[in-house]
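The basis for the numbers below is simple: all heavy atoms, side chains too, and nothing from hydrogens, waters or symmetry mates.
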Amino acid sequence: MNMEPLNQKSLERIVSQKALQIGSSFPCQICVVGFLSGVCLTSLFLALLTSLGTFEFGGISFSAISQGNSPLNSSSSGFINTVANVDCRFKRNEVVAERGVDSKRSKDGTDDERVFLLHSAWSALLSESVDGKSAFWHRAGLDKSAVPNAPHLENCKLSGQKNERLDMRAENERLPPWTTWKGLLDTHPASMANEQLEYFRHQAISEGSYPPWITGSDEENYPLTRKVQRDIWLHQHPENCRDPNVRFLVADWERLPGFGIGAQLAGMCGLLAIAINEKRVLVTSYYNRADHDGCKGSYNSSWSCYFFPETSQECRDRAFELLGNKEALERGIITTKDSYKSKEIWTGRTPRVWGEPWRFLQPTTEMNGSLVAFHRKMDRRWWRAQAIRYLMRFQTQYMCGLMNIARNAAFGKEAARMVLTSLRTEWPKDFQKRRSDIEEFVWSSHRPWIPRPLLSMHVRMGDKACEMKVVEFEGYMHLADRIRQHFPHIKTVWLSTEMQEVVDKSKQYTKWDFYYTNVTRQVGNMTMATYEASLGRQTSTNYPLVNFLMATEADFFVGALGSTWCYLIDGMRNTGGKVMAGYLSVNKDRFW
């Protein structure tokens with residue numbers, strides 16, 4: 001006998017019939033109402049629960065996979081639709097009252113239902129930032145003003161405005177407003193009206209303050225990092241782009257089949273070196289990985305879809321104007337990538353403008369139990385670190401949004417529990433969001449929260465065997481355990497890999513919590529080009545960049561220096577205040 005599965009209305013009909021048979025006494029009515037309320041509440045929060053694990057943005061979904069927990073695989077759109085289909089007609093405060101009596105509470109005093117609700121509210125806010133609308137608020141009976149701040153999310157619009165200001169010259173100044181006053185403090189009304197402070201700010205700018213995208217002191221970064229970053233910015237931003245003495249190098253990003261993002265970045269680092277050596281302004285052109293629907297308008301097919309452009313718009317306009325001028329090309333006022341041999345781009349001369357600071361690199365990379373004090377390509381390692389840091393100095397709002405969704409999927413529930421534990425009231429009852437000057441002008445400069453300490457691990461296998469010694473996942477975990485012996489409080493790993501085999505093996509390490517992006521991974525052997533083509537251009541670009549930036553923010557890193565991707569991650573970390581965190585590598589670069 002075939003039986004159709006019970007849907008929501010069938011379940012309610014059966015429960016209602018059973019309730020009529022029980023009787024019409026007042027106590028029985030109380031029980032029936034309570035039972036029906038429980039059914040609806042359970043349906044509502046099961047819908048919330050099954051829709052938080054994965055959030056889609058720009059062709060990529062993110063999952064937070066913690067050992068001991070099952071992966072959650074529904075999308076954000078699925079989350080909105082599921083909530084919309086739950087037929088429980090209660091007001092918000094009535095649901096909270098019911099839940100306050102019977103809900104399951106954690107040791108810290110928060111209940112799981114409220115954690116899921118707050119996490120859902122944050123997810124809905126992120127969904128609105130993508131498609132401009134969300135059905136969540138009406139269905140959940142919540143007001144946006146009643147949602148506490150999310151410590152793990154960044155205000156992308158505010159950050160974009162602040163960074164634009166820090167990437168443009170101050171009026172009548174040689175440099176942007178890079179002073180000792182961080183973030184938005186120098187826009188505070190009191191500071192704007194202070195003449196002495198204005199004089200101090202002018203002095204700081206004119207004397208050469210250091211760029212704000214560098215974290216930490218000189219000792220915590222590669223030698224001369226702060227000075228080099230300032231000088232590269234000045235080189236790339238001449239005061240008058242139409243000065244006849246200003247020359248340009250215009251270059252497309254590499255797009256030969258088989259060139260991954262790492263190879264493209266390494267090639268552009270070489271072109272920036274040529275531009276500095278020849279006293280030219282580098283202007284990047286077509287970027288094939290941004291040629292997708294997520295990059296809108298003028299950002300389409302441009303590096304500036306993900307990160308701030310390498311030079312000003314005025315210089316870009318001037319360069320493309322000269323590109324169509326035959327005389328300018330003949331006189332060498334402008335050159336292109338085709339003007340240089342491949343060897344010049346990939347293994348050309350490192351700029352000597354700053355001497356040879358790579359000779360003073362601190363030996364903080366370990367391989368086979370020993371620190372690497374010297375190798376043949378120290379100059380290239382130092383330069384690529386400087387170049388990649390400059391090219392990625394500021395994220396765009398699009399990239400910032402990708403990072404927000406990744407953090408929310410991975411760490412959002414933990415953040416929600418943390419926030420609810422800190423509140424005095426039973427949210428969302430009687431909650432009022434307050435914002436003071438210190439939040440707006442001081443704390444707004446803090447980086448988004450992530451659980452620390454965090455270990456990032458990039459496991460590169462597959463077709464990379466033709467270029468380097470490939471090490472199994474167990475070798476990476478051996479190095480992770482080495483770190484844990486010294487820092488026993490580490491338990492969280494951000495895992496990036498193209499191999500499904502690695503993800504499967506991670507589940508055997510039950511003493512670690514793993515997080516990773518939820519994308520289709522390779523099964524068996526295939527080339528990276530074939531794998532990326534199977535994902536599509538948008539996904540195959542977005543998720544690696546998210547992994548890259550998460551790795552640069554992590555406290556520790558385990559990787560393979562034989563991989564260009566790991567090599568560049570190492571460079572970003574060593575110009576981001578992470579030199580003394582060290583780097584444990586399963587192999588060495590093939591050119592060392």
Side-chain angles (χ1 to χ4, degrees), residues 63-71 107-108 152 215-216 220 362-372 406-407 409-411 413-415 417-418 447-461 469-517 546-563 565-567 569-574 576-588:
S63 279
I65 309 301
S66 177
Q67 290 297 345
N69 297 322
S70 300
K107 293 180 181 180
D108 58 13
H152 61 301
T215 302
E220 296 169 300
Q362 301 179 75
T364 57
T365 299
E366 181 186 288
M367 288 183 293
N368 300 323
S370 300
L371 291 175
V372 179
R407 284 189 295 263
F411 315 125
K413 282 187 283 188
E414 188 175 347
R417 191 176 301 281
M418 186 170 58
R447 294 293 303 151
W449 174 84
I450 59 175
R452 294 191 183 278
L454 178 67
L455 167 65
S456 178
M457 181 183 297
H458 181 68
V459 181
R460 185 71 168 92
M461 296 170 67
K469 176 186 175 184
V470 169
V471 178
E472 294 295 321
F473 181 58
E474 290 78 4
Y476 291 81
M477 288 308 299
H478 172 72
L479 296 182
D481 288 335
R482 284 272 321 283
I483 296 175
R484 202 176 200 177
Q485 288 175 12
H486 195 83
F487 304 97
H489 51 303
I490 296 179
K491 65 176 183 177
T492 306
V493 177
W494 183 273
L495 177 63
S496 62
T497 181
E498 75 281 7
M499 304 301 295
Q500 183 59 41
E501 170 192 349
V502 172
V503 173
D504 294 339
K505 284 184 176 181
S506 71
K507 297 172 184 177
Q508 301 173 11
Y509 294 85
T510 56
K511 293 183 179 180
W512 292 88
D513 295 333
F514 290 89
Y515 298 90
Y516 42 83
T517 51
V546 166
N547 284 329
F548 188 96
L549 294 178
M550 287 297 297
T552 65
E553 293 180 11
D555 299 282
F556 298 96
F557 183 69
V558 171
L561 276 173
S563 160
W565 195 242
C566 290
Y567 195 104
I569 288 173
D570 176 57
M572 280 287 281
R573 291 176 59 80
N574 287 324
K578 298 280 175 45
V579 161
M580 296 311 294
Y583 182 176
L584 274 67
S585 178
V586 298
N587 62 18
K588 66 178 181 178

Do the non-hydrogen side-chain atoms of [X] and [Y] ever get within less than 4.5 Å of each other?
{"X": "T364", "Y": "Y583", "answer": "no"}
{"X": "L495", "Y": "M457", "answer": "yes"}
{"X": "Y515", "Y": "T492", "answer": "yes"}
{"X": "M367", "Y": "V372", "answer": "yes"}
{"X": "L584", "Y": "Y476", "answer": "no"}
{"X": "E414", "Y": "W449", "answer": "yes"}
{"X": "K578", "Y": "F557", "answer": "no"}
{"X": "M499", "Y": "F473", "answer": "no"}

Using only atom types and a distance under 3.5 Å, with no angle test, would you say the side chain of [X] pairs donor to acceptor with the backbone of [Y]?
{"X": "R573", "Y": "G582", "answer": "no"}
{"X": "N587", "Y": "L561", "answer": "yes"}
{"X": "K491", "Y": "D513", "answer": "no"}

Exercise for the section: Could you tell me which residues satisfy salt bridge (Lys or Arg N to Asp or Glu O under 4.0 Å) with E553, sequence neighbours excluded, listed by chain and number? Expected result: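 If we apply the salt bridge (Lys or Arg N to Asp or Glu O under 4.0 Å) test to E553, skipping adjacent residues, the hits are R447.
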Which atom of [X] lies closest to which atom of [Y], heavy atoms considered:
{"X": "K511", "Y": "R484", "value": "O-NH2, 2.8 Å"}
{"X": "A560", "Y": "C566", "value": "O-CB, 3.1 Å"}
{"X": "V459", "Y": "E498", "value": "O-OE1, 3.5 Å"}
{"X": "T552", "Y": "L549", "value": "OG1-O, 2.7 Å"}

Problem - Residues which pass side chain to side chain contact (heavy atoms under 4.5 Å, CB included) with E474, listed by chain and number, not counting sequence neighbours - result: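 Only E472, K505, Y509 meet the side chain to side chain contact (heavy atoms under 4.5 Å, CB included) criterion with E474.
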[X] [atom1] to [Y] [atom2] distance, which is reported to the nearest 0.5 Å:
{"X": "S563", "Y": "H458", "atom1": "OG", "atom2": "NE2", "answer": "4.5 Å"}
{"X": "S506", "Y": "Y516", "atom1": "OG", "atom2": "OH", "answer": "5.0 Å"}
{"X": "I483", "Y": "L455", "atom1": "CD1", "atom2": "CG", "answer": "5.0 Å"}

Practice task
Determine, step by step, whether H478 and V586 satisfy the side-chain contact (heavy atoms from CB on, under 4.5 Å) criterion, reporting the C-alpha distance in whole Å, the side-chain angles of both residues, the deciding distance to 0.1 Å, and the verdict.
Solution key: CA-CA 10 Å; H478 172 72; V586 298; over 6 Å; no
Practice task
Would you indicate whether H489, at its atom NE2, is surrounded by more than 12 heavy atoms from other residues, nucleotides or ligands within a distance under 6.0 Å?
Solution key: yes
Practice task
For W494 and N547, run side-chain contact (heavy atoms from CB on, under 4.5 Å): C-alpha distance rounded to whole Å, both residues' side-chain angles, the deciding distance at 0.1 Å, then the answer.
Solution key: CA-CA 8 Å; W494 183 273; N547 284 329; 2.9 Å; yes
